[in-house]
Every structure is written in C-alpha cells, then in structure tokens.
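Letters A, B, ... are given to chains in the order of the sequence lines, protein chains preceding strands, and every chain is numbered from 1.
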There are 2 protein chains.
Amino acid sequence: MNQKQATCQHKLMVTRDALEVIQGKWRLPIVLSLTFGDKRFGEIQREIVDISPKMLSQELKALEVNKIITRTVYDSMPVTVEYSLTPLGKSMRKMLDEILDWGVVFRKEVVVK
Amino acid sequence: MNQKQATCQHKLMVTRDALEVIQGKWRLPIVLSLTFGDKRFGEIQREIVDISPKMLSQELKALEVNKIITRTVYDSMPVTVEYSLTPLGKSMRKMLDEILDWGVVFRKEVVVK
DNA sequence: CCGAATCCTGTTTGATACTG
DNA sequence: CAGTATCAAACAGGATTCGG
C-alpha cells in the first residue's frame with residue numbers, strides 16, 4: 001500500500017505534511033486531551049496547565065482548519081462550546097500511542113539519567 | 001507496562017518529553033534520512049533540499065545531545081564526518097512509521113482535497 | 001568538503017488585561 | 001464561560017562570511 005514510492009524523498013514529503021499538524025508545543029497535547037473525551041474550552045485549559053487562553057484559542061482554530069477537531073456551540077446560558085475529534089482526529093490514535101511509547105523510552109534513557 | 005499511570009496528566013508529560021526531540025521543522029526529517037543509512041553532512045544536505053548548513057549543523061548537535069545520533073570524524077584528507085543513529089535513534093523507527101502512515105492519510109483527506 | 005561565527009529578520013509564544 | 005486585544009519577549013530560520 002505505502003511501499004511503492006517508499007523512497008527517502010517521498011517519505012520526507014509526507015513527513016512534512018504530518019509535521020504541519022503535529023508541530024508546535026500545544027497541538028499534540030490538545031489532541032491527546034481530546035482522546036479522553038469531548039471537552040470544553042475551560043476544561044482543556046485546566047488540563048494543559050500552562051497554556052494561555054490565546055494559544056489555546058489559536059491552536060484550536062488551526063486544528064479545526066485541518067479537520068482534526070470540530071467546534072460545537074450550544075446556545076445555553078452561558079454559552080457552552082465543545083470540542084471533539086473528527087474521524088481524522090481519531091485516526092491519530094496509533095501515531096499518538098507510538099509517540100507516547102517512544103517518549104517513555106526517551107525519558108528513561110535521557111531525561112532522567 | 002505503561003498502563004499503570006496512564007492518566008491524561010501523565011500522558012501529557014511524556015508527550016512533552018517526546019516533543020522536545022520531535023519538534024521543529026528539521027529533526028524528524030534528519031532522523032528519517034538517517035534511517036536509510038549513515039550519511040555525511042553534505043549527503044544529508046543534498047537530501048533535505050532546503051535546509052541551510054547552519055540549521056543542519058545546529059539540529060545535528062541537538063540530536064547528538066539527546067543521544068539520537070552519533071558523530072564520527074574520520075581523519076582522512078579532507079576530513080570526513082559521518083552521522084549515524086544510536087540504538088535510541090533506531091528505536092524511533094516505529095514512531096516514525098506511524099507518523100508517516102498518518103501523514104499519508106492526512107494528505108489524502110486534507111492536503112490534496 | 002564540513003562546518004563555525006555573526007548578524008539580522010519575521011514568526012511564535014507568552015503575560016496581562018479585558019469583553020459579550 | 002469562552003474567548004480577544006495588546007504589547008513584549010523568545011526563538012526559528014536565513015544570508016553571508018570565514019576557516020581547517
């Protein structure tokens with residue numbers, strides 16, 4: 001399936017595409033947090049402790065543009081906004097798991113040593 | 001093994017560790033390029049077309065510090081410097097594959113559409 | 001050939017305060 | 001609650017020059 005065109009050049013291209021979404025300090029943490037269930041703005045902010053509302057808002061927008069998450073406004077009083085993963089967002093699961101697994105290895109080998 | 005402490009908070013921590021290495025425009029591409037075999041500075045530069053020598057040098061150093069790659073100098077004339085993945089670097093393979101796989105999906109769903 | 005050193009710029013990120 | 005506005009700081013990245 002993806003073993004045709006598996007040249008270094010081709011892989012470099014795909015990596016760049018993926019990096020556009022993955023990149024930055026906050027996007028992966030946000031996606032990760034949403035894998036635990038739909039959340040509201042404030043909930044995410046409380047979970048990712050040191051993110052500013054500005055960054056959160058900005059990164060959520062970027063993720064929405066890239067079709068990773070959806071934003072739903074409930075016209076209650078006060079307004080409630082919920083964020084949830086799209087199918088594409090959910091498809092990041094395996095990747096996320098591998099990153100996590102490697103993070104554990106890296107932590108053991110380098111961070112704590 | 002990693003299902004104890006698999007809370008959202010714990011995962012967020014590990015993600016941050018991994019992100020420190022993964023982050024930036026060039027690190028993953030560099031590591032990817034080295035999965036195809038040991039390479040010299042110039043070879044990497046020719047493969048990752050639009051990287052400047054400064055960035056390449058800088059990112060190679062960072063990867064070395066994090067024990068992802070090793071730098072070997074051969075005292076030939078002129079000097080030759082070879083970069084290769086450490087075992088830790090090689091352990092990124094699965095993660096890299098998943099990122100690649102997801103990159104393909106993302107490209108199909110968003111980039112080209 | 002393999003970089004190091006310097007300088008410079010624009011983008012990213014952050015702190016803080018404020019609004020519907 | 002769910003953001004926006006503003007201003008400042010940090011950093012990534014590029015251009016150029018230089019050396020062993």
Fill in: Gap between atoms CD and C1', on A:E20 and D:dA12 respectively (whole Å)
16 Å
Worksheet entry | A:V79 or A:Q58, whichever maps to the more 5' nucleotide of DNA chain C | A:Q58
Worksheet item: Counting side-chain heavy atoms from C-beta on, which of D:dA2, D:dG3, D:dG14 comes nearest to A:T80?
Response: D:dA2
Item to complete: Would you name the heavy atoms of B:T7 and A:F36 that are closest together and state the gap between them?
Response: C-CZ, 4.1 Å
Worksheet item: Does B:K61 have a side-chain nitrogen or oxygen under 4.0 Å from the phosphate oxygens OP1 or OP2 of C:dA4?
Response: yes
Worksheet item: Under 4.0 Å between a side-chain N or O of A:S57 and OP1 or OP2 of D:dT4?
Response: yes
Worksheet item: Can A:S33 and A:E47 be counted as having a side-chain donor-acceptor contact under 3.5 angstrom?
Response: yes
Worksheet item: When the distance from CD1 of B:I44 to P of C:dC2 is rounded to whole Å, what number comes out?
Response: 10 Å
Item to complete: Give the rounded distance in Å between these two atoms: CD of A:E82 and P of D:dG3.
Response: 12 Å
Worksheet item: Does OP1 or OP2 of C:dC2 have a side-chain N or O of B:R40 closer than 4.0 Å?
Response: yes
Worksheet item: With respect to the side chain of A:R71, which nucleotide from D:dA2, D:dG13, C:dC2 is positioned closest?
Response: D:dA2
Practice prompt. Report yes if a side-chain nitrogen or oxygen of B:K25 is closer than 4.0 Å to either non-bridging phosphate oxygen (OP1 or OP2) of C:dT11; otherwise report no.
Written response: no
Worksheet item: Are A:L100 and B:M13 connected, step by step, through hydrophobic side chains (Ile, Leu, Val, Met, Phe, Trp, Tyr) whose heavy atoms are closer than 4.5 Å?
Response: no
Practice prompt. Using atom CG of A:L56 as one end and atom C1' of D:dT4 as the other, report the distance to the nearest whole Å.
Written response: 13 Å
Fill in: A:D50 CG to C:dT13 C1', straight-line distance once rounded to whole Å
12 Å
Worksheet, complete the sentence: Whole-Å distance, B:M55 CE to C:dC8 C1', equals 15 Å
Practice prompt. Would you name the heavy atoms of B:I69 and B:T86 that are closest together and state the gap between them?
Written response: C-CG2, 3.7 Å
Fill in: Atom pair distance, as rounded to whole Å: CD in A:Q23 and C1' in D:dC11
13 Å
Practice prompt. For B:W26 and D:dG13, give me the distance from atom CH2 to atom C1', rounded to whole Å.
Written response: 9 Å
Worksheet item: Are any of B:R27's side-chain N or O atoms less than 4.0 Å away from OP1 or OP2 of D:dA12?
Response: no
Item to complete: May I ask you to say what A:Y83 touches in the nucleic acid, namely base, sugar-phosphate or nothing, with a heavy-atom cut-off under 4.0 Å?
Response: sugar-phosphate
Practice prompt. Could you check B:G24 against A:G42 and say which one's nearest nucleotide on DNA chain D is further toward the 5' end?
Written response: A:G42
Item to complete: Indicate, yes or no, whether a donor-acceptor pair under 3.5 Å links the base of D:dG3 to the side chain of A:K54.
Response: no
Worksheet item: How many angstroms lie between CG in B:L34 and CD in B:E43, if you round to the nearest 0.5 Å?
Response: 10.0 Å
